[in-house]
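Each remark here refers to the structure printed beneath this line.
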Amino acid sequence: MQDTTTLAQQISAVAPAAVRNVNLSTDPKHMTYTDAVELLKGEGFPELQWGDDLEAPHEGRLTELMGPMFVTHYPADIKFFNMRNNDDDPRVVNSSDLLLPLAGESAGSAEREFDAGKLRYKLETSSMLEGLIRQGMKLSDFDWYLDFHKENEVKLHSGASLGMARVAQFILGQTDIRDCVPFLINRKNVI
């Protein structure tokens with residue numbers, strides 16, 4: 001596996017000047033969601049409240065100030081129901097999002113809840129479920145997932161995702177993500 005210095009040199013060879021100035025050889029910054037909200041309040045977002053989702057302008061300002069960075073420990077109410085709550089502060093989940101300049105949130109990860117009872121409760125009380133029900137789904141659509149956790153010994157585990165188009169947006173130094181994907185996917189061409 002190559003080290004980050006070699007990877008940074010390879011990216012620098014093809015990346016635009018704006019991205020070349022980002023130092024990928026050092027460890028990225030880390031900040032909790034709570035600290036990010038407090039920082040943003042003093043950086044042009046005085047209306048931002050704890051519990052609000054960070055949107056593109058917020059993420060953009062954070063990366064202007066910090067460069068590539070991780071924001072951790074988001075409020076449980078704004079994250080997917082299966083993310084595990086923090087033992088010390090149950091208001092937040094054990095999660096982390098990678099924010100990249102120009103692209104914003106480009107990767108996400110979180111511990112997953114493994115206790116069947118907690119998982120069912122989190123789903124039943126989530127705003128996500130309310131939205132899915134409005135779209136025609138029902139709680140029973142999750143039975144297979146909930147039953148698996150009830151019938152099996154599921155251990156602590158984590159999951160992660162990577163937004164390839166957003167990473168490409170960062171590497172290519174593009175402000176519009178549509179310029180970074182070879183085939184646009186939207187409702188018109190998928191359905």
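FYI, side chains are in, hydrogens and waters are out, and symmetry mates aren't considered; it's all heavy atoms of this structure.
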TODO: Indicate yes or no: does Glu59 engage Arg61 in a salt bridge with an N to O separation below 4.0 Å.
DONE: no
Task: Cluster overlap Ile78 with Leu98, hydrophobic side-chain contacts below 4.5 Å - done: no
TODO: Answer yes if Met69 and Ile171 sit in the same cluster of Ile, Leu, Val, Met, Phe, Trp and Tyr residues linked by side chain heavy atoms under 4.5 Å apart, and no otherwise.
DONE: no
Task: Student check: side-chain heavy atoms of Met128 and Phe80 closer than 4.5 Å - done: yes
Open item on the list: Would Lys122 and Phe81 count as a cation-pi pair here, with the cationic atom under 6.0 angstrom from the ring centre and within 45° of the axis?
Closed with: no
Open item on the list: Show the nearest heavy-atom pair for residues Lys155 and Glu153, with the distance to one decimal.
Closed with: NZ-OE2, 3.0 Å
Open item on the list: Phe148 and side chain to side chain contact (heavy atoms under 4.5 Å, CB included): which single residue from Val154, Leu119, Asp143 fits?
Closed with: Val154
Open item on the list: Within the structure provided, determine whether Leu100 and Thr63 are in side-chain contact (heavy-atom separation under 4.5 Å).
Closed with: no
Open item on the list: According to a hydrophobic-cluster definition based on side-chain heavy atoms being under 4.5 Å apart (Ile, Leu, Val, Met, Phe, Trp, Tyr only), do Phe114 and Leu146 belong together?
Closed with: no
Task: Polar side-chain atom of Ser96 near backbone of Asn94 as donor-acceptor pair, under 3.5 Å - done: no
Open item on the list: Do Ser95 and Met83 have side chains that approach each other closer than 4.5 Å (heavy atoms only, starting at C-beta)?
Closed with: yes
TODO: Return the minimal non-hydrogen interatomic distance between Val71 and Ala36, and the atom names on each side.
DONE: CG1-CB, 4.5 Å
Open item on the list: Tell me if a side-chain donor or acceptor on Arg166 pairs with a main-chain N or O of Ala103 at a distance below 3.5 Å.
Closed with: yes
TODO: Kindly say whether Gly51 contributes a backbone atom to a donor-acceptor pair with the side chain of Tyr33 at under 3.5 angstrom?
DONE: yes
- [ ] Verify, without hydrogens or angle tests, whether Asp89 (side chain) and Asn86 (backbone) share a donor-acceptor contact under 3.5 angstrom.
- [x] no
- [ ] State whether the number of non-hydrogen atoms from other residues, nucleotides or ligands found under 6.0 Å of Met164 atom CE is greater than 12.
- [x] no
Open item on the list: Main chain of Asp176, side chain of Gln174: is a donor-acceptor contact present, judged purely on distance under 3.5 Å?
Closed with: no
Task: Spacing of Tyr145 atom OH and Leu123 atom CG [to the nearest 0.5 Å] - done: 9.5 Å
Open item on the list: Is it true that, when you exclude Tyr121 itself, more than 12 heavy atoms of the residues, nucleotides or ligands shown sit nearer than 6.0 Å to its OH?
Closed with: no
TODO: For residues Glu124 and Leu139, report the shortest heavy-atom separation together with the two atoms involved.
DONE: OE2-CD2, 3.7 Å
Open item on the list: Membership question, hydrophobic clusters at under 4.5 Å side-chain separation (ILVMFWY): are Trp50 and Val93 in the same one?
Closed with: no
Open item on the list: Let me confirm one number: the CG-CZ distance from Leu156 to Arg84, rounded to the nearest 0.5 Å.
Closed with: 5.5 Å
Open item on the list: With heavy-atom distances below 4.5 Å as the criterion, would you say the side chains of Thr32 and Asp35 are in contact?
Closed with: yes
Open item on the list: For Leu39 versus Met31, what's the shortest heavy-atom pair and its separation?
Closed with: CD2-CE, 3.8 Å
Task: Side chain proximity check, Leu48 to Leu54, heavy atoms < 4.5 angstrom - done: yes
Open item on the list: Would you say that Pro57 contacts Phe45 through its side chain, given a criterion of any heavy-atom pair below 4.5 Å between the two side chains?
Closed with: yes
Open item on the list: Between Val37 and Met66, is there shared hydrophobic-cluster membership here, with clusters defined by ILVMFWY side-chain heavy atoms closer than 4.5 Å?
Closed with: yes
- [ ] Answer yes when Asp97 and Lys79 have at least one side-chain N-carboxylate O distance shorter than 4.0 Å, and no when they do not.
- [x] yes
Task: Flag side-chain contact, heavy atom, 4.5 Å: Phe170 against Pro101 - done: yes
- [ ] Grab the two heavy atoms, one from Asp115 and one from Gly117, that are nearest each other, plus how far apart they are.
- [x] OD1-N, 3.1 Å
TODO: First locate atom CD of Gln169, then atom CG of Asp179, and finally report the distance between them rounded to the nearest 0.5 Å.
DONE: 8.5 Å
Task: Spatial distance of atom CZ (Arg112) from atom CG (Asn82) [nearest 0.5 Å] - done: 4.5 Å
- [ ] State whether the number of non-hydrogen atoms from other residues, nucleotides or ligands found under 6.0 Å of Lys41 atom NZ is greater than 12.
- [x] yes
Task: From CG (Leu62) to CG (Leu99), nearest 0.5 Å - done: 6.5 Å
Task: Nearest-0.5 Å distance, CZ of residue Arg120 to CZ of residue Phe142 - done: 11.0 Å
Open item on the list: Test your reading of the model: is there a side-chain donor-acceptor pair from Asn152 to the backbone of His149, 3.5 Å cut-off?
Closed with: no
Task: His157 vs Glu111 side-chain heavy atoms within contact, under 4.5 Å - done: no
- [ ] Kindly give the heavy-atom pair with the smallest separation between Leu65 and Glu43, and that separation in Å.
- [x] CD1-CG, 3.7 Å
